[in-house]
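Structure, as structure tokens:
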Amino acid sequence: MTTLPPGITEAQTLTADVEVGCDVAIVGSGPGGAVVAATLARAGLSVVVLEEGGAFTKARFRGREDEAYPLLYQDGGQRVTKDLGITLLQGKAMGGGSVVNWTTCFRTPDHVIDHWRTRHAVGGFDGAALAPHFAAMEQRLSIAPVPLELLNRNNRALYDGCKKLGWAVEPTQRNVLGCAYSGHCGHGCPIDAKQSMLVTLLPDAMQAGAAVVTRCRVQRVVFEAGRVTAVIGLAIDASGTQSTGVTVTVKPRFVVIAGGAINSPALLLRSAAPDPHGVLGRRTFLHPVTGVVGVFDDRIEGWRGAPQSAASHQFAQRGDEVGFFLEVAPIHPMLMATAMPGIGTTHRDTMARVAHFAAFLALTIDGFHDDVPGGRVTLSKSGAPVLAYPIAERQWRAFRDGAKALAKVAFAAGAKEALTGHDPPTSMRSDADLAAVDAAHWEVARVALFSAHQMGGCGMSDDAKSGVVRSEDLRHHQIDNLHVVDGSVFPTSLGVNPQLSIYGLAHLMAERLVARWKTA
Amino acid sequence: MQRRSLLKVSLAGAVALSVGGGAGLALWPGDTSVRPQRPLLSLPERAFPVLVAVAARVLKGTTANPVEIAHRVDEALRYATPESRSDLADVFGLLENGLTGLMLRGQPRPFTLLDERAQDEALLAWRDSRVGLLRGAYHALRKLCLAAHYATPSSWAEVGYGGPAILKPEPPPLAADKPVVVDGAARSVEGMPG
Ligand SMILES: Cc1cc2nc3c(=O)[nH]c(=O)nc-3n(C[C@H](O)[C@H](O)[C@H](O)COP(=O)(O)OP(=O)(O)OC[C@H]3O[C@@H](n4cnc5c(N)ncnc54)[C@H](O)[C@@H]3O)c2cc1C
Ligand code: SF4
């Protein structure tokens, strides 16, 4: 058994199997894995991070959709729910989703943490315990509000529209330093301005001695007598599509799984992890999104500027109805072409107007109503995750109400036309046409739905019957030396963009793990 | 095709989908004259002419070349799971299958032998189907072709997009990456190839 040198080892270059020993193996290098890696390595523990995605620098981040999606997204950007109803954008790279996300930062709302305590037996921390950890991460990642005058026209339309309607709306906070407002956050930042894990916590971790193995897909963890004894990874070739046949085996004292929602439960399922109460993979949440395009006389050019820099939580808490919040999406040709309906000249003529589009989003908040339990991850024959996500009637109502709210925003902001995500589209010319939204068919694969916020599937709860991990240290209920620290532990969705919630929670938990493991 | 008759056959369509479309290909040979121009990486060869025909309809009126789009879709599918690759191969079989043509369109002609109008109708019949999976298949086909065109610079002028805000030279091909072990003490991953 050897140890790995600090820094990056690209597994596609390994020519023989390796077996490595360390204190802590971390699977996944996104927000959860990177924060834990940095904290543990700084405390003097030997850390090996295993990441399926590649290690890239800004030399490969050229703002090109044809390069970014195959390289930096799960399934090359083609991940989708089982019934093909919801497109799933999820990152895959050294740095995980933080490499491609749109930089919006919100702390976890206190009412969400309170809901977890009262409804999901999350007693291991509260909002006050998390607050200093949010503050620490905000400082490390240069998280600050976007000045109002720097909103691009797409975000400004959301902001102005909400203001006109008297609805709550604010510029968002972003994790950037020296941002050039290129609009390319979703393609990897071309100038390292985005404070992703790739340029912040992973370098921190490596400086403190951590080894990061990229292009290494963990197939399974091995259990013996109630403990994990090994983590088995497969080296993946440079293209990211095939195994090279080389195996990387890590034999750690402790394991932290941080593959993100969908992937972390899938890894535990592949490993036949104990799941006596059948909770693993269940309650996977998506903030499922429906969009409305506002067509303006002026050019909006939503491809430039900070992609997301305004948000409205006016409708986040709707009691018995599912809440939703309003943001916008960047408008690049491919992302927009796949979201717009139709084929042939109909589609082509729509795309010819794309410079005049604003893309408004309603993100629905799943997991807070008994009949909205989210989706369930299972495995395909080849061991890949499959997410079945049935959409409850209550959620369809939220999509309808969300689309109506977005159309109102569009018209208030001066749009001449508003289009829902239906195929064929529902077109409206003014508020007088809003009834068209109710008349449209709200059904799977008749309206475009997508998610960039996957959460849950290894939910935390102090009640072993309803959670995979306990909340005090995110330790697996049945396995002593196994923890899950990423977006998969949330027992509901968040009602805000998830990254800062993961940074803060991981920072708190990593400190607790250090306190335990340094003396163990 | 009338909406009412579509509804009637939707159940049969679901059955056809569940038995898989590939087998029926031989029954109703389609137009196989369009051949791949380079080796295929994901799809079976029999799917290629069907994909080219679909791409021609989806991207009609754009500058896209359907054969090139079909190759790019095939290449993009390397990143999909093995199961979605084989499901998609079935979808092409189903589209080309005379039996489903008979059930859905009232005529047993493979997709590649339909005229352009009938091909559009066939695709829109899937869009409007009561069978969710057929609607999903329509979107999967549509999006793969659209992504293959609109992700590349050749589409930018058509949509008034000026290209990336920050111009960089093309990086070396991924396979050319040399072994890398970065010194952790350097603090930054700057300068690492890739
Ligand atoms: C396009 C896009 C835009 C977004 N915009 C925002 C935003 O503006 N604000 C915000 O807050 N959030 C945003 N998000 C969401 C946010 O990025 C994610 O919630 C966050 O990255 C999740 O962190 P994580 O640690 O849970 O997992 P991830 O970031 O998904 O990281 C997990 C990593 O583990 C790796 N992995 C998984 N399984 C294995 C395995 N078996 N072996 C080896 N490696 C494995 C994956 O490849 C991945 O790199 C966006 C996401 C996307 C995709
Ligand atoms: S908008 Fe700013 S943070 Fe985003 S990619 Fe461009 S320069 Fe980087």
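Chain identifiers are assigned alphabetically (A, B, ...) following the order of the sequence lines, protein sequences preceding nucleic acid strands; residue numbering begins at 1 within each chain. Computed from heavy atoms alone, side chains included, the values below leave out hydrogens, waters and symmetry copies.
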Return the option, out of [options], with the maximum number of heavy-atom pairs under 4.5 Å with chain B.
options: A:Ala355, A:Ala384, A:Pro70; answer: A:Pro70
options: A:Gly63, A:Pro190, A:Gly209, A:Ala339; answer: A:Pro190
options: A:Asp83, A:Val212, A:Ile191, A:Asp75; answer: A:Asp75
options: A:Gly54, A:Gly183, A:Gly342, A:Ser182; answer: A:Gly342
options: A:Asp237, A:Asp423, A:Leu335, A:Leu14; answer: A:Asp423

If I measure from the heavy atoms of chain B, does [X] come under 4.5 Å with its side chain, its backbone, both, or neither?
X: A:Arg304; result: side chain
X: A:Arg79; result: neither
X: A:Thr87; result: side chain
X: A:Met340; result: backbone
X: A:Phe61; result: backbone
X: A:His187; result: neither

Contacts of type salt bridge (Lys or Arg N to Asp or Glu O under 4.0 Å), residue B:Arg135, not counting sequence neighbours: A:Glu443
Name each donor-acceptor pair under 3.5 Å that joins a side chain in residues 70-78 of chain B to protein atoms two or more places apart or in another chain, with its distance.
| from | atom 1 | to | atom 2 | distance (Å) |
| --- | --- | --- | --- | --- |
| B:His71 | NE2 | B:Gln37 | N | 2.8 |
| B:Arg72 | NE | B:Glu68 | OE2 | 3.4 |
| B:Arg72 | NH1 | B:Ala148 | O | 2.7 |
| B:Arg72 | NH1 | B:Thr152 | OG1 | 3.4 |
| B:Asp74 | OD1 | B:Leu41 | N | 3.4 |
| B:Asp74 | OD1 | B:Ser42 | N | 2.7 |
| B:Asp74 | OD1 | B:Leu43 | N | 2.8 |
| B:Asp74 | OD2 | B:Leu41 | N | 2.6 |
| B:Glu75 | OE2 | B:Arg38 | NE | 3.1 |
| B:Glu75 | OE2 | B:Arg38 | NH2 | 3.1 |
| B:Arg78 | NE | B:Glu75 | O | 3.1 |

Looking at B:Ser84, B:Pro153, B:Pro82, which has the largest count of heavy-atom pairs under 4.5 Å with chain A? B:Pro153
Hey, which of B:Ala140, B:Cys145, B:Pro169 has the most heavy atom pairs under 4.5 Å with chain A? B:Pro169
Hey, does A:Ser382 have a side-chain heavy atom less than 4.5 Å from the side chain of B:Glu83? yes
Decide side chain to side chain contact (heavy atoms under 4.5 Å, CB included) for B:Leu146 and A:His347; before the verdict, give the C-alpha distance in whole Å, the side-chain angles of both, and the deciding distance to 0.1 Å. CA-CA 9 Å; B:Leu146 291 169; A:His347 185 275; 3.3 Å; yes
Which atom names give the shortest non-hydrogen contact between [X] and [Y], and what distance separates them?
X: B:Asp128; Y: A:Pro424; value: OD1-CD, 4.2 Å
X: A:His184; Y: B:Ala165; value: NE2-N, 3.0 Å
X: A:Pro333; Y: B:Tyr150; value: CB-O, 3.4 Å

Rounded to the nearest 0.5 Å, what's the gap from CD on B:Glu170 to CZ on A:Arg64? Could you check? 7.0 Å
Residues that A:His356 engages under side-chain hydrogen bond (donor to acceptor under 3.5 Å, both in side chains), provided they are two or more places apart: none
Within residues 52-67 of chain B, residues adjacent to chain A where the heavy-atom gap is under 4.5 Å: B:Arg57, B:Val58, B:Lys60, B:Gly61, B:Thr62
